[in-house]
Amino acid sequence: MPNIAIISSSVRNGRNSHRVALYFKNYLEEKKIGTAEILDLNKYKFPLFDERLQHQPLPSPSAILFAEKVKSADGVIIVTPEYNGGYPASIKNVVDLLYTEWHRKPVAISTVSDGSFGGSQVIISLQFTLWKIRAWTVPAMFPVPEVNKTFDESGNPADKEKTDKRAYNFIRELLWCIEAKSRMADYKNG
Ligand SMILES: Cc1cc2nc3c(=O)[nH]c(=O)nc-3n(C[C@H](O)[C@H](O)[C@H](O)COP(=O)(O)O)c2cc1C
């Protein structure tokens, strides 16, 4: 079973997008698709980036742990809110912090907003940033509009059937990339 890390990006007081991270963890476990762990940036509380982890003389244990979790994950789901048409600084902070950990990592992006468009304006900028660091961005979307109405605080969707169907299509693409990457494990440039 694949090991999937779910990065919950929002560190805002009273945040709502974390509900979607909880939903994915519940979904992956309920459907027995894989093991899932939420990497909650609000718990890590990383300081503002001042150097890549690999160049830090005294890296914090939490930064080392975070890097290990990203490195060992077969795939990553990033759940991010949309702030002023972009992604929050908290997620850029950890994209920049790591380096080889991101290379060829299958990463699926779920965008969240409390408006009608599901934070979909974030996709282009975050996808580009991940592409620049050589992550493998999964060509699938999971936009969540009106998050405060569509998910409760425990991550239960208001319309479970419809949401699970959308999640199936989204996760299927992530699993395809994870499987494809595993088949390339022995490739000379792997
Ligand atoms: C600083 C800030 C900027 C925002 N900008 C947008 C935006 O550009 N588009 C949008 O649809 N919602 C925007 N929102 C509303 C968020 O989508 C909404 O607060 C959502 O719940 C964010 O996730 P969070 O609760 O986990 O922080 C913004 C919210 C904040 C706090």
Side-chain angles (χ1 to χ4, degrees), residues 4-30 36-50 62-63 65-66 69-70 73 75-98 102 105-133 135 137-167 169-171 173-174:
I4 296 174
I6 302 161
I7 299 182
S8 183
S9 305
S10 179
V11 297
R12 188 177 70 82
N13 294 332
R15 65 187 175 167
N16 288 320
S17 61
H18 189 65
R19 299 173 182 205
V20 180
L22 293 170
Y23 166 73
F24 279 122
K25 180 171 164 56
N26 296 341
Y27 177 85
L28 291 165
E29 288 173 351
E30 186 188 302
E37 182 179 4
I38 295 180
L39 307 184
D40 184 353
L41 298 188
N42 197 38
K43 286 200 179 131
Y44 279 101
K45 294 208 182 301
F46 291 121
L48 208 54
F49 175 88
D50 58 5
S62 63
L65 183 67
F66 180 80
K69 286 183 186 291
V70 171
V76 173
I77 297 171
I78 293 179
V79 175
T80 179
E82 177 176 321
Y83 292 162
N84 299 311
Y87 51 80
S90 49
I91 187 68
K92 185 67 158 56
N93 215 31
V94 295
V95 169
D96 296 343
L97 183 67
L98 308 187
W102 289 119
K105 184 71 64 184
V107 182
I109 303 169
S110 171
T111 59
V112 181
S113 80
D114 63 0
S116 341
F117 300 108
S120 51
Q121 286 181 309
V122 172
I123 280 285
I124 292 172
S125 53
L126 183 53
Q127 206 188 12
F128 182 71
T129 292
L130 290 165
W131 176 81
K132 281 287 287 189
I133 201 149
T137 56
V138 173
M141 290 172 71
F142 194 91
V144 175
E146 300 183 320
V147 62
N148 43 339
K149 292 185 199 151
T150 49
F151 288 86
D152 73 12
E153 282 181 7
S154 307
N156 300 307
D159 186 339
K160 184 164 165 51
E161 195 182 334
K162 195 171 147 196
T163 310
D164 282 0
K165 199 172 166 192
R166 284 213 301 134
N169 290 324
F170 177 69
I171 298 291
E173 295 305 313
L174 173 63

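As the structure lists them, so they are numbered: ligands from 1, and atoms in each ligand from 1.
- In terms of protein heavy-atom proximity, atom 26 (O) of ligand 1 is nearest to Ser17 OG, 2.6 Å.
- Here the protein heavy atom with the shortest distance to atom 22 (C) of ligand 1 is Pro81 CB, 3.4 Å.
- With hydrogens left out, the protein atom closest to atom 20 (C) of ligand 1 is Asp114 N, 4.0 Å, a heavy atom.
- Here Asn148 contributes atom CG and Ser17 contributes atom OG; the two are 11.5 Å apart, rounded to the nearest 0.5 Å.
- Thr111 contributes a side-chain N or O that, together with a main-chain N or O of Gly118, makes up a donor-acceptor pair within less than 3.5 Å.
- The closest protein non-hydrogen atom to atom 11 (O) of ligand 1 is Ser113 CB, 3.3 Å.
- Formation of a donor-acceptor pair under 3.5 Å by the Trp102 side chain with backbone atoms of Val95 is found in this model.
- Rounded to the nearest 0.5 Å, atoms CG (Asp164) and CG (Asp159) are 9.0 Å apart.
- The backbone N or O of Val79 sits less than 3.5 Å from a side-chain atom of Ser9, completing a donor-acceptor pair.
- Among Asn13, Val112, Val147, the residue whose heavy atom lies nearest to atom 21 (O) of ligand 1 is Val147.
- Residue contacts with ligand 1: Gly85 is placed with a nitrogen or oxygen under 3.5 Å of a nitrogen or oxygen of the ligand (distance criterion only).
- In this structure, the protein non-hydrogen atom closest to atom 5 (N) of ligand 1 is Asn84 N, 2.8 Å.
- Residues Ile77 and Phe142 form no side-chain contact, since every pair of their non-hydrogen atoms from C-beta on lies 4.5 Å or further apart.
- From the protein, the heavy atom lying nearest to atom 27 (O) of ligand 1 is Tyr83 OH, 2.5 Å.
- For atom 14 (N) of ligand 1, the nearest non-hydrogen atom from the set Glu82, His18, Arg15, Gln121 belongs to Glu82.
- In this structure, Glu37 CD and Leu28 CG are separated by 12.5 Å, a value rounded to the nearest 0.5 Å.
- Proximity of Ser10 to ligand 1, defined as any heavy-atom pair under 4.0 Å, is confined to the side chain (atoms from C-beta onward).
- In this structure the side chain of Tyr44 never reaches within 4.5 angstrom of the side chain of Ile7, judged on heavy atoms.
- Only side-chain heavy atoms of Arg12 come within less than 4.0 Å of ligand 1; its backbone N, CA, C and O stay farther off.
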